[in-house]
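All values derive from a computational prediction rather than experimental measurement. Reckoned from all heavy atoms, side chains included, excluding hydrogens, waters and symmetry mates.
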Amino acid sequence: MANINYIASAGTGKTYNLIKNVIEKITKENIELKNLLILTFTEKAAAELKEKIAESIKEKISDKNTDLKDKIKLHKQLLFIDSGYIGTFHSVFYRFLRKYPEITKIDLSSQIIDEEEIKDFLYISFEEWIKEDFEKDKDIWLEIANFLEANPKEIKKIFFDLYKNRTKIKISDSNTDLNYQKEKINTQKKELLALEEEVIKQYKENQKFFKKEAEEKIKTVFNQLKRKNLSKLKKGENLVNKKKEKEVPDLYSFFEYFCHKVNNLRNYVRDYNAKLILKKFRDFKEYFQEKKQKEQILDFTDILLKTEELIKNEKVRKQLKDKFKYIFIDEFQDTDMIQAKIIKQISNNNIFVFGDPKQCIYTWRNANLKVYFEFLEENNFEDIVLNTNYRSDKCIVDFHNRLISIKDYLKHIDEKYKVEVNHNKSFENSYIKHFILNTEDKEIQAKLTIKIIQDLIKEGQKYEDIMILFLNNDDIREFKKILDQYNIPNIITADENLFDSEEIKLILNILKYIEYPENRLNLLKILKSPLILADDKTIYEKNLNISNKNLEIINQIISQKNSLTLQQIIDKIFEETDLIEIFSIIDENSIENFNIFKKIYKQKSLEGYSLRDFILYLETSTYPKGNENDKNAVKLFTIHKSKGLESPVIIMPLIDHKPYQIRLGEELYIKKEIPLLNLTKQGAVSKKLKKYKKTLKEEIKNENERLFYVATTRAKEKLIFISGTQNRENSFKNILEKVSNIEKETIDIENILLEKNEDEEQSLKDIEKQLKEIEKKEKQREKIYEKALKQQPFTSVSKIMEEEKEEVVKTSVNQEIATYTGILTHLILENLDFKNFSEKDINKLIQEKQNIIPNKIKKQVVENVKTILERFENSNLHNELKNAEILFKELPFSLYEDGKIIDGRIDIIYKKDGKIIVMDFKTNKYETEEEKQKIIKMYETQKNYYLKAVQKFITKEEVIFKLGLLWKGEVV
């Protein structure tokens, strides 16, 4: 038996070969699925593996060439799809821990929490700990506060970063180093101060040989030396003019010696500061580990560390070795040091790994290529190379063959992993293009992206065929705004698990708190959620004892839970808390998610699930989201999120922008103890810094090259790049420029103005078609709402006003013109900068937004809007807004009242003279005071709902309601 390493470049059938091997072990070697360990790195990948293994087993069973004995064997294995050991490293290792509770002390009440949750819990615990520890170690804390400028946020962040990276940091147990360094610091400080007289004398006698700024820098250094805190000590540099060195060699040598002494002292100070932090971190780590144990809390690193500890038990290790006849590891390039150690301990020359070092892009999550290469070398793996690409067109496969053949590309990866790959697919009209703009402007690149999408749609491509890839989420958000402006349907998440949506995770946290009310972390999650929104300071000061209506309702449910079914508990959460109202504001899809969730918990309640059963189900299962609108939409993903996905068209804008940087906050170590880059303003200990910077620079280059490979290998048919003319080091454009035979097209900004339909009749038809689509979707949403909340019909403020409406102002103006005048005016005001705008800005906005107006009334509406906005510019209303702090524009809300959910949208909320003001813009025409008063009275109902909404969701302070009467620019 030998260990097998499948070298699987992107698209070469890695998953197919893994499943093929699994099926062969079952049919040819009579191995049961429960005796195979199959590991991957994400829940999504694990779910897909289970699904594909089940499909393959069913296909084999239905194949007429499969004999009866094999069919019986295979049928039995379907029972082990969910109960077998197929999953992520963390989920499977957690099962190991729970299998041996007498050793691990892990039971059903233990909770696994993610990075954000551990951060919240750590911050609260840190506040409690430091209060006591400060009194015990006041001198050390004063020193720490001194060099970190007494910034509590900075100190907490450092402790969180250290805790997150605790497996990488070696911490000394003694104070010997600290005392030694403190003595060294004092000695060197005295030696430097003793040189002061000589330094100043030499400078005064030889001023003509010094650089201009020499005197000021010498004074600064000595002033800092005389202070207690040396953390800001400036870097020593030779101040003698380099050109004069030969004329005064003794002077140059003296100041070189002085510079060396200053830098030595800086090194000791920074090293000492870092060790001070590490000393306190060691104390806090012990405190925090005890606190987590008491609360039965585990994070993902705990699972790995505890599993590593568990398998040191010889009996356990032997049982696991005997149980698993074969071990399969998917995406092996993402393995970290502890995972590799555990696998080595429980294996017996029976490992199949499937991976590609060219696709290692999770180093920030501890993936380590060095571990990958060393593990394969130390454990005698036989290589099998998969060299046919089943995903992409020939032109894209050829592109990657040329890419990996570039001399200095991926030079940190052995040549055997950079084999040429054959193509298996050919698509019509496939291509690779690079569009080059004469600007780096993100908005222009976004508009060119839209133009490309519009052209692709004309060519017959669907929106769902297109994926746009970015390096960071900030760029995604900026592009999304512009895509939304041009009505390009888009989604920005690859997460399709309903149970991972924020609103369902909150319900899970509420249920966990109801089941385990003594666990403070469950309560903390609810307090920090949108349901309560308590800040850290309040939580700490009140020690979680916060008074809140929603929390009181949950506490009442806790007191009644033993007499309630699962369905009754969750029904009460929905009916009595503000959950629905709050999430209807945060995310329009939340009601649909609640609707799906309602079916699930009712079904599970009928099946006899207890609250504890249901909590476990939510934590360990996946369920697809049901948003139909997401299906035909352009996908906007980070490259990291796109890993494992594919798309007919990949667009990569901004490839000339700043390249990906490994986050320095994560790089807290250099193999041994210290130095911590983010502990002091100056950075790491300088004697190691130069070497470290070189290493880091090389790692950044390598990481960017791997990211580029992953991004571009997602494409099946078309690969499109967009850039400016800049060519930054390590940028994707810099990489792309090295690949031959790429079709380039230079685009002028003027040539990417998005097309406008010149045919007015067609334009009107398109608008009407869109309106019908919107109406259709609205009707579908209303049905979903009614189904989800049987006794909570939806209405809106405007509908209520319609029901109450009396004839207020008779006007000869066509009602349709009046309606569209209001709509267009609101759209302009929503996008207008009240402090700085001109007639040109208004005309530009009108030009952009006027397509919503039917052609037959467009001219009249535009004239009305221009008249209104001309009056607005020099009005009291404009002065009111120009001198105010704008808080929100076009804020949607939902209120639950008298058995109804009431929707509304507030035009603007602002702050002026210390007061919060809600304003609604009105375009009603009026001439007399009597007509004006009728308008004010007409909107009294709207005023009441708007004030209720703002006081409920924004502030408890007094809120003022005003009408902005645009016809005469008045504020009332």
Side-chain angles (χ1 to χ4, degrees), residues 5-18 39-42 44-46 48-49 88-89 328-336 339-340 352-376 381 383-392 396-397 399-406 409-421 467 469-471 494 637-647 650 652 659-660 662 699-716 719 730 732 735-736 739:
N5 171 33
Y6 277 85
I7 300 172
S9 294
T12 57
K14 167 177 61 66
T15 306
Y16 169 82
N17 279 277
L18 190 157
L39 299 170
T40 189
F41 283 83
T42 66
K44 185 172 182 286
E48 285 174 0
L49 269 178
T88 64
F89 276 86
F328 296 89
I329 306 175
D330 187 25
E331 304 287 4
F332 189 65
Q333 73 278 351
D334 296 328
T335 314
D336 69 30
Q339 291 164 343
F352 286 68
V353 300
F354 298 78
D356 179 10
K358 303 188 294 299
Q359 297 186 69
C360 177
I361 59 171
Y362 295 113
T363 52
W364 50 275
R365 218 163 58 186
N366 292 341
N368 191 329
L369 270 184
K370 188 181 176 189
V371 169
Y372 174 91
F373 294 130
E374 286 181 353
F375 188 86
L376 294 174
F381 275 80
D383 294 333
I384 295 177
V385 179
L386 303 178
N387 60 3
T388 299
N389 185 302
Y390 297 94
R391 173 187 298 162
S392 305
I396 291 168
V397 174
F399 168 83
H400 288 108
N401 285 335
R402 296 197 303 276
L403 177 68
I404 60 174
S405 67
I406 295 168
Y409 181 73
L410 297 175
K411 64 181 181 183
H412 60 294
I413 293 174
D414 192 275
E415 290 301 314
K416 74 177 181 179
Y417 298 100
K418 296 192 278 184
V419 294
E420 189 169 299
V421 175
M467 188 186 289
L469 297 183
F470 302 86
L471 281 168
F637 294 162
T638 61
I639 296 168
H640 290 96
K641 277 276 187 187
S642 76
K643 179 80 165 56
L645 304 177
E646 58 184 45
S647 184
I650 293 292
M652 293 177 63
Y660 179 79
I662 295 171
E699 285 180 8
I700 289 167
K701 177 181 179 292
N702 296 341
E703 187 96 357
N704 275 298
E705 288 174 352
R706 298 195 300 269
L707 276 165
F708 185 75
Y709 179 81
V710 167
T712 54
T713 52
R714 302 308 96 200
K716 294 168 71 175
L719 181 54
N730 290 337
F732 287 166
I735 299 170
L736 184 64
V739 187

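- Under the 3.5 Å distance criterion, the side-chain polar atoms of Arg714 are matched with a main-chain donor or acceptor of Leu645.
- Looking at every heavy atom in both residues, Leu736 comes nearest to Phe399 through CD1-CE1, 3.8 Å.
- Counting only distance, with no hydrogens or angles, the side chain of Arg391 and the backbone of Thr713 share a donor-acceptor pair below 3.5 Å.
- Ser642 approaches Leu469 most closely through the heavy-atom pair CB-CD2, 3.6 Å.
- Looking only at distances, no side-chain donor or acceptor of Asp330 sits under 3.5 Å from a matching main-chain atom of Phe41.
- For the side chain to side chain donor-acceptor pair (under 3.5 Å) with His412, the qualifying choice from Lys370, Glu699, Lys701, Arg706 is Arg706, the only one to do so.
- Here the closest heavy-atom approach between residue Pro357 and residue Tyr372 is recorded as CD-OH, 3.4 Å.
- Ring to ring, Tyr6 and Phe328 are not that close: their centroids are 6.0 angstrom or more apart.
- Ser392 places no side-chain N or O within donor-acceptor distance of the main-chain N or O of Val397, the cut-off being under 3.5 Å.
- Ile404 places a side-chain heavy atom less than 4.5 Å from the side chain of Tyr709.
- Remark: side-chain polar atoms of Lys358 are paired, donor with acceptor, to backbone N or O of Tyr417 under 3.5 angstrom.
- Within the 3.5 Å criterion, the main-chain N or O of Leu410 finds a donor-acceptor partner in the side chain of Glu705.
- Contact check for Glu331 versus Lys14: side-chain heavy atoms found under the 4.5 Å cut-off.
- Centroid-to-centroid, the aromatic rings of Phe375 and Phe332 come within less than 6.0 Å.
- Looking only at distances, a side-chain donor or acceptor of Thr42 sits under 3.5 Å from a matching main-chain atom of Ala45.
- Distance check, rounded to the nearest 0.5 Å: CG of Leu707 to CD1 of Ile700 gives 11.5 Å.
- Judged by distance alone, the side chain of Thr638 and the main-chain N or O of Lys641 form a donor-acceptor pair under 3.5 Å.
- When atom types are taken as modelled, the side chain of Gln333 and the backbone of Asp356 share a donor-acceptor pair closer than 3.5 angstrom.
- Here the OH atom belonging to Tyr409 is positioned 4.0 Å from the CG atom belonging to Leu403, to the nearest 0.5 angstrom.
- Nearest approach of Ile361 to Val710, heavy atoms of both residues: CG2-CG2, 3.8 Å.
- Although no hydrogens or angles enter the test, the distance criterion places a donor-acceptor pair under 3.5 Å between the side chain of Tyr362 and the main chain of His640.
- Side-chain atoms of Thr363 and Glu703 include a donor-acceptor pair closer than 3.5 Å.
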For Asp414 and Lys416: C-alpha separation, side-chain torsions, deciding distance, then whether salt bridge (charged side-chain N to carboxylate O under 4.0 Å, His left out) applies. CA-CA 6 Å; Asp414 192 275; Lys416 74 177 181 179; 5.8 Å; no
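- Side chain to side chain, His400 and Thr712 meet the donor-acceptor criterion of an N or O pair below 3.5 Å.
- We find the CG-CD1 distance between Asp334 and Ile329 to be 11.5 Å, quoted to the nearest 0.5 Å.
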Please walk me through it: do Val385 and Thr12 pass side-chain contact (heavy atoms from CB on, under 4.5 Å)? CA-CA 9 Å; Val385 179; Thr12 57; over 6 Å; no
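- Atom CZ of residue Phe637 and atom CD1 of residue Ile650 lie 9.5 Å apart, to the nearest 0.5 angstrom.
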Between Asn5 and Asp383, is the side-chain hydrogen bond (donor to acceptor under 3.5 Å, both in side chains) condition met? List the steps. CA-CA 5 Å; Asn5 171 33; Asp383 294 333; 3.0 Å; yes
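- Here CZ of Phe354 is found 12.0 Å from CD1 of Ile7. Values are rounded to the nearest 0.5 Å.
- Taken to the nearest 0.5 Å, the CG atom of Leu39 stands 10.0 Å off from the CG atom of Leu49.
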